[in-house]
Amino acid sequence: MTPDLFEFEERQRCRKWREELCPGAVVLHGFAAQDDTAIFAALHGVTGEAAFRHMITPGGFRMSVALTNCGAYGWVSDRTGYRYDATDPESGKPWPRMPGVFLKLAQKAAASAGFEDFEPDACLVNRYEPGARLSLHQDKNERDFGAPIVSVSLGLPAIFLWGGLRREDRPVRIPLMHGDVMVWGGPSRLCYHGVLALKEGNHPLMGGYRINLTFRKAT
DNA sequence: AAGTCGCC
DNA sequence: ATGG
């Protein structure tokens, strides 16, 4: 198959995905770029209180992505399962409070995508190093799927995988760069998604990492 | 179960 | 290298 034909078919698939599989998902290119130094400073505050760690999946595997949380609730995984917890299992203390710059950014992005009054109570902070990946999954540990998901990309670029509502739906590849924000909710709230293994690189602000902030209403 | 592997 |  020629590259042109491949690109044409990929475009067709993207259109089908937008219109049929995941309506309501939005990519806001560069939306967070202007705030990146403030976000970076706030991030240091959060990770100083609750360090990145590699959680264990119920299957007993170590996740390649390191994560921590801020906000009233944090997403945790161990051999017993996935859940939201108000305390950090590493320290027994509450998660760091959600920085104002995080909350405002999430609310502004949600509103831009048509979701007014987004009140996230959980912010997952994912750190990808080269080789780290996230296989296809749904965000479904939240109590109420009425609220959207807001996902902020910082640092090294990554290829995001956007699937449909069924695991068998072949994902579309979406390149995400520093400052890009994705919002999905409504009919696309439970779409499968993942991230391909991160490539090596250097970013002026984030160095050799990709940081992803994911805002959710957990309760 | 948000993982990894071997095989094709 | 990629994907089932």
Side-chain angles (χ1 to χ4, degrees), chain A residues 1-10 12-14 16-17 21-22 25 50-71 73-85 88-90 95 120 122-143 145 147-176 182-185 188-201 209-219:
Chain A
M1 184 186 296
T2 67
D4 280 356
L5 183 54
F6 176 79
E7 274 193 31
F8 173 77
E9 294 199 343
E10 194 63 15
Q12 295 292 103
R13 290 188 52 237
C14 287
K16 183 185 166 93
W17 165 74
L21 294 179
C22 282
F52 286 113
R53 78 292 304 266
H54 293 270
M55 292 194 179
I56 303 298
T57 65
F61 294 99
R62 173 186 182 274
M63 293 177 69
S64 59
V65 175
L67 64 102
T68 185
N69 295 279
C70 61
Y73 294 91
W75 184 88
V76 295
S77 175
D78 59 25
R79 280 183 175 74
T80 71
Y82 308 141
R83 64 189 175 277
Y84 283 95
D85 205 316
D88 176 352
E90 297 272 308
W95 296 102
C123 173
L124 282 70
V125 184
N126 295 127
R127 187 186 66 189
Y128 294 74
E129 57 182 40
R133 58 190 291 278
L134 205 53
S135 58
L136 223 52
H137 68 280
Q138 293 172 298
D139 294 352
K140 57 178 184 184
N141 293 103
E142 299 74 28
R143 188 187 299 275
F145 300 135
I149 303 287
V150 175
S151 172
V152 178
S153 294
L154 299 163
L156 294 180
I159 303 294
F160 211 90
L161 300 173
W162 269 105
L165 294 173
R166 300 170 306 170
R167 193 181 283 279
E168 317 84 73
D169 295 329
R170 181 148 71 104
V172 165
R173 293 175 177 212
I174 312 274
L176 291 180
M182 296 199 57
V183 181
W184 67 95
S188 66
R189 174 62 180 74
L190 288 172
C191 278
Y192 279 87
H193 55 282
V195 181
L196 288 185
L198 195 77
K199 288 189 179 168
E200 297 253 9
Y209 295 102
R210 171 176 188 258
I211 300 289
N212 173 251
L213 309 176
T214 306
F215 296 90
R216 300 143 179 218
K217 182 160 172 44
T219 62

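The structure displayed is predicted, hence computed values, not measured ones. Letters A, B, ... are given to chains in the order of the sequence lines, protein chains preceding strands, and every chain is numbered from 1.
At a threshold of 4.0 angstrom between heavy atoms, the contacts of A:T214 with the nucleic acid are absent.
Rounded to whole Å, atom P of B:dA1 lies 19 Å from atom CG of A:L67. Computed from coordinates, the A:R62 CZ to B:dT4 P distance equals 9 Å when rounded to whole Å. One atom, CG of A:L136, and another, P of B:dA2, lie 9 Å apart when rounded to the nearest Å. Rounded to a whole Å, the NE2 atom of A:H54 is 14 Å from the C1' atom of B:dA2. C:dG4 atom C1' lies 11 Å from atom CZ of A:R170, rounded to whole Å. When rounded to the nearest whole Å, the span between CZ of A:R167 and P of C:dG3 equals 16 Å. A:R133 places its CZ atom 6 Å from the P atom of B:dT4, with the value rounded to the nearest Å. In this entry the distance linking OH of A:Y82 with P of B:dA2 reads 4 Å, nearest Å.
Annotation: cation-pi pair A:R210/A:Y128 present, NZ/CZ under 6.0 Å from the ring centroid and within 45° of its normal. At least one test fails for A:R189 against the ring of A:F145: distance under 6.0 Å to the centre or angle within 45° of the axis.
At least one donor-acceptor pair under 3.5 Å links the side chain of A:H54 to the backbone N or O of A:M63. In terms of modelled atom types and a separation under 3.5 Å, the side chain of A:S77 and the main chain of A:I56 share a donor-acceptor contact.
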>> What verdict does the side chain to side chain donor-acceptor pair (under 3.5 Å) test give for A:Y192 and A:Q138, after you've listed the backbone C-alpha separation in whole Å, the side-chain angles of each residue and the deciding distance to 0.1 Å?
In response: CA-CA 5 Å; A:Y192 279 87; A:Q138 293 172 298; 3.2 Å; yes

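Side-chain proximity of A:D139 to the nucleotides B:dA2, B:dT4, B:dA1 is greatest for B:dA2. Comparing atom distances between the A:W75 side chain and each of B:dA2, B:dT4, C:dT2 picks out B:dA2 as nearest.
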> In dot-bracket, 5' to 3', how would DNA chain C read with Watson-Crick or G-U wobble pairs under 3.5 Å, [ ] for crossing ones and | for pairs to another strand?
Replying inline: ..||

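Across all strands shown, nothing is found opposite B:dA1 as a Watson-Crick or G-U wobble partner with both distances under 3.5 Å.
In this structure, the ring of A:W75 has its center less than 6.0 angstrom from the ring center of A:Y82.
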